[in-house]
Amino acid sequence: MRRRIDIPQARALVLSRQQVLASGYSERQMRSDLDSGRLLRLHRGSYVSAQIWDELWWEGRHLLRVLAVHAASPGPGPVFTHTSAAALWGLPLYRVGAAPVQVLVDGQRHSRVIADVIRRDMKVDPADIVEIDGIRVTSPTRTAMDVARTYPFPTAVACADAALRRAAVD
């Protein structure tokens, strides 16, 4: 049965290359497990067991990829937006499926995709950028609006409803 995870649980599941090698893997075993699909590469230098991957809902899988991108980023890391921010906030992403990690960039001439990361050139009010567990992310309201602008109606409703519930219910 699939399960949901939060940020601390996801951090425990993402393994760096050094952690994989320190757990007793040789370079050859690591390559073999990557080739066979027993070990999955999330992003440059980050891995997860295929067994764990298969146990997670899509939001949890995306959360692992977001944390991998954050770990590979210099400084404070990028500002995550759209579905990546929704995964960090724990919002549902009904029928989204696999999607690239999405981050904000400012001052680029156009948005682009590099290494399965969408870099979106968007102006965002600084008040709409917050931190969750040391990760910069758009606010829940901004996140719900971004998902509503770019995904189908059922996805937008599920995400916005959950964001509203977070704000309205203790």
Side-chain angles (χ1 to χ4, degrees), residues 4-17 19 40-48 52-53 56-169:
R4 295 182 59 98
I5 57 172
D6 58 17
I7 295 171
Q9 291 167 328
R11 279 193 168 130
L13 299 175
V14 175
L15 302 172
S16 70
R17 180 177 192 80
Q19 288 173 312
L40 303 174
R41 182 178 179 266
L42 297 169
H43 190 69
R44 179 185 48 216
S46 294
Y47 304 89
V48 68
I52 290 170
W53 180 264
L56 301 176
W57 288 106
W58 182 84
E59 293 90 345
R61 292 175 179 183
H62 193 71
L63 180 58
L64 294 178
R65 293 181 60 235
V66 167
L67 293 177
V69 168
H70 184 263
S73 300
V79 176
F80 293 94
T81 186
H82 291 74
T83 53
S84 298
L88 285 162
W89 285 113
L91 301 176
L93 295 167
Y94 178 68
R95 291 192 175 177
V96 170
V101 173
Q102 299 180 60
V103 300
L104 290 177
V105 293
D106 192 11
Q108 300 294 321
R109 292 179 31 210
H110 54 82
S111 298
R112 62 190 187 279
V113 180
I114 300 173
D116 208 27
V117 177
I118 295 178
R119 287 155 174 82
R120 294 187 175 272
D121 182 19
M122 299 175 13
K123 298 284 186 209
V124 175
D125 186 324
D128 278 334
I129 298 174
V130 297
E131 255 189 45
I132 303 174
D133 287 342
I135 302 169
R136 297 183 312 153
V137 61
T138 53
S139 68
T141 303
R142 175 65 195 230
T143 298
M145 294 302 295
D146 288 339
V147 170
R149 294 187 293 110
T150 54
Y151 286 89
F153 183 74
T155 304
V157 170
C159 185
D161 180 62
L164 179 60
R165 190 176 332 111
R166 287 178 61 96
V169 178

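We count residues from 1, following the sequence as given. Because the structure is a prediction, the values reported are computed rather than measured. Keep in mind that the numbers below use all heavy atoms, side chains included, and drop hydrogens, waters and symmetry copies.
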Chemist: How close do Gly134 and His70 get, counting heavy atoms only, and between which atoms?
Modeler: O-NE2, 3.7 Å

Chemist: Look up atom CG in Leu13 and atom CD1 in Ile52, then write down how far apart they are to the nearest 0.5 Å.
Modeler: 5.0 Å

Chemist: How long is the straight-line distance from CD of Glu131 back to CD1 of Ile129, given to the nearest 0.5 Å?
Modeler: 11.0 Å

Chemist: To the nearest 0.5 Å, tell me how far Tyr151 OH sits from Thr83 OG1.
Modeler: 4.0 Å

Chemist: Salt bridge or not between Asp146 and Arg120? Use side-chain N to carboxylate O under 4.0 Å.
Modeler: no

Chemist: Quick check for you: to the nearest 0.5 Å, what is the distance between Asp6 atom CG and Glu59 atom CD?
Modeler: 13.5 Å

Chemist: Could you measure the distance from the CG atom of Leu63 to the CD1 atom of Ile135? Nearest 0.5 Å is fine.
Modeler: 7.5 Å

Chemist: Taking the side chain from Thr138 and the backbone from Asp128, do they hold a donor-acceptor pair closer than 3.5 Å?
Modeler: no

Chemist: Flag the pair Arg166 / Leu91 as yes when at least one side-chain heavy-atom distance between them is below 4.5 Å, and no otherwise.
Modeler: yes

Chemist: Could you check whether any side-chain heavy atom of Val101 comes within less than 4.5 Å of a side-chain heavy atom of His43, counting everything from C-beta outward?
Modeler: no

Chemist: Considering only heavy atoms from C-beta outward, does the side chain of Leu64 approach that of Trp53 to under 4.5 Å?
Modeler: yes

Chemist: Tell me the closest heavy-atom pair linking Val105 and Arg119, and the distance in Å.
Modeler: CG1-CB, 3.8 Å

Chemist: Contact between Pro76 and Arg136 at the side-chain level, heavy atoms closer than 4.5 Å - yes or no?
Modeler: yes

Chemist: Looking at every heavy atom in both Pro140 and Trp89, which two are closest together, and how far apart are they?
Modeler: CD-CZ2, 3.3 Å

Chemist: For Val137, run the side-chain contact (heavy atoms from CB on, under 4.5 Å) check against Val103, Val79, Leu88 and tell me which one passes.
Modeler: Leu88

Chemist: Look only at the side chain of Arg4 and the backbone of Gly90, and say whether a donor-acceptor pair between them is shorter than 3.5 Å.
Modeler: yes

Chemist: How about Arg149 and His82: do any of their side-chain heavy atoms sit closer than 4.5 Å?
Modeler: yes

Chemist: For Ser84, is there any backbone N or O sitting under 3.5 Å from a side-chain donor or acceptor partner on Arg65?
Modeler: no

Chemist: For Ala86 and Val147, work out which heavy atoms get closest and say how close.
Modeler: CB-CG2, 4.5 Å

Chemist: At their closest point, which heavy atom of Pro100 faces which heavy atom of Asp116, and how far apart are they?
Modeler: CB-O, 3.4 Å

Chemist: Could you give the distance from CZ (Arg17) to CZ (Arg44), rounded to the nearest 0.5 Å?
Modeler: 13.0 Å

Chemist: Which pair of heavy atoms, one from Ala98 and one from Trp58, lies closest together, and at what distance?
Modeler: CA-NE1, 2.8 Å

